[in-house]
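Comments concern the structure below.
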Amino acid sequence: MSQKLTPLTKLNPIEPVVSEERQLSWKVASNLFVSFKYAWAGVSYAFRTQRNFRIHVCVGTLAIGLSLLLHLQGVEIAVIAITSGLVLALELVNTAIESLVDLTVKQTYHELAKIAKDCAAAAVLISALVAVLVAATLLLPPLVKLVLAQL
């Protein structure tokens, strides 16, 4: 069963985003370094184009920095880092789902596309709320103690 490939000239609807070397992105990465390069390209793309990803990076960095400043236990810092990382990972998955849905439905409205995008965004929202709850639970007591000691 052979498939006919579309010529490369018709494959590139988003010229500035997809580089020449990624035209045939269905190919398997040639080595581990190339796989990491592609993964980093995804992180870089999300950071450049997704406002919420940048916000999550800043808030996660702030939470981890504050936990270090307050001398939380290693396990508490790890829990904050894990929940922050989960939010970032889900934001990347959300971006991937949104891109794939947009590619599929083009510029038309479809109820199933809306559901897919809304559910992916909801996953990010829920993980972000849980991360805030975890950070508040771990950071507020020592922060309040520090502020009260200064008074």
Side-chain angles (χ1 to χ4, degrees), residues 12-151:
N12 200 359
I14 41 181
E15 187 82 30
V17 177
V18 179
S19 68
E20 191 81 21
E21 64 195 37
R22 290 290 296 186
Q23 294 263 341
L24 299 175
S25 62
W26 52 270
K27 288 188 173 182
V28 175
S30 56
N31 61 46
L32 188 60
F33 176 75
V34 172
S35 294
F36 284 130
K37 179 182 159 193
Y38 291 154
W40 184 253
V43 171
S44 177
Y45 171 81
F47 193 83
R48 283 190 331 271
T49 64
Q50 304 299 309
R51 180 195 68 222
N52 289 348
F53 188 81
R54 290 190 300 274
I55 291 169
H56 294 311
V57 167
C58 290
V59 171
T61 302
L62 178 68
I64 293 169
L66 192 55
S67 68
L68 292 170
L69 183 72
L70 293 171
H71 303 289
L72 293 186
Q73 294 179 11
V75 109
E76 294 170 321
I77 296 169
V79 168
I80 291 173
I82 288 168
T83 55
S84 297
L86 180 63
V87 173
L88 293 175
L90 284 172
E91 188 66 55
L92 289 167
V93 170
N94 180 46
T95 300
I97 289 172
E98 286 182 350
S99 297
L100 191 57
V101 167
D102 290 345
L103 175 68
T104 304
V105 299
K106 308 278 187 240
Q107 292 183 348
T108 62
Y109 177 83
H110 195 285
E111 187 63 27
L112 291 176
K114 178 187 181 332
I115 291 169
K117 290 174 107 175
D118 290 351
C119 287
V124 176
L125 176 64
I126 289 171
S127 69
L129 292 173
V130 168
V132 167
L133 179 65
V134 166
T137 302
L138 295 174
L139 293 172
L140 281 180
L143 192 57
V144 168
K145 185 187 273 187
L146 180 67
V147 169
L148 291 178
Q150 299 298 318
L151 296 177

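Side-chain atoms of Leu69 and Leu66, non-hydrogen and from C-beta on, do get closer than 4.5 Å to each other. Within the 4.5 Å cutoff, the side chain of Gln50 has no heavy atoms near those of the Leu92 side chain.
We find the OG-CG distance between Ser67 and Leu138 to be 8.5 Å, quoted to the nearest 0.5 Å. Between Ile126 atom CD1 and Leu86 atom CG the span is 11.5 Å, to the nearest 0.5 Å. In this structure, Leu90 CG and Asn94 CG are separated by 8.5 Å, a value rounded to the nearest 0.5 Å. In this structure, the separation between OG1 on Thr108 and CG on Asp102 is 10.0 Å, given to the nearest 0.5 Å. Considering NZ of Lys106 and OG1 of Thr104, their distance stands at 7.5 Å, rounded to 0.5 Å.
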Determine all donor-acceptor pairs shorter than 3.5 Å in which one atom belongs to a side chain in residues 74-85; sequence neighbours excluded.
residue	atom	partner	partner atom	Å
Glu76	OE1	Gln73	N	2.9
Thr83	OG1	Val79	O	3.1
Thr83	OG1	Ile80	O	3.0
Ser84	OG	Ile80	O	2.9

Please output the side-chain donor-acceptor pairs of residues 52-64 that fall under 3.5 Å, not counting sequence neighbours, one pair per line with the distance.
residue	atom	partner	partner atom	Å
Arg54	NH1	Phe47	O	2.8
Arg54	NH1	Arg48	O	3.2
His56	NE2	Glu91	OE1	3.3
Thr61	OG1	Val57	O	2.7

Which atom pairs, one a donor and one an acceptor, fall under 3.5 Å between side chains of residues 143-151 and the rest of the protein, sequence neighbours left out?
none

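When the options Val101, Leu112, Val105 are evaluated for a side-chain contact (heavy atoms from CB on, under 4.5 Å) with Lys117, the one that passes is Val101.
Looking at residues two or more places apart in sequence or on another chain, you find a side chain to side chain contact (heavy atoms under 4.5 Å, CB included) between Phe33 and Asn31. In terms of the side chain to side chain contact (heavy atoms under 4.5 Å, CB included) criterion, residue partners of Leu129 (sequence neighbours excluded) are, by chain and number, Leu125. Residues that satisfy the side chain to side chain contact (heavy atoms under 4.5 Å, CB included) test with Pro141, not counting sequence neighbours, are absent from this structure.
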Practice prompt. For the pair Leu139 and Leu72, evaluate side chain to side chain contact (heavy atoms under 4.5 Å, CB included) and give the outcome as yes or no after the intermediate values.
Written response: CA-CA 8 Å; Leu139 293 172; Leu72 293 186; 3.6 Å; yes

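For the residue pair Glu111/Tyr109, the side-chain donor-acceptor check at 3.5 Å is satisfied.
Across every non-hydrogen atom of Ile97 and Ala116, the tightest pair is CG2-O, 4.1 Å.
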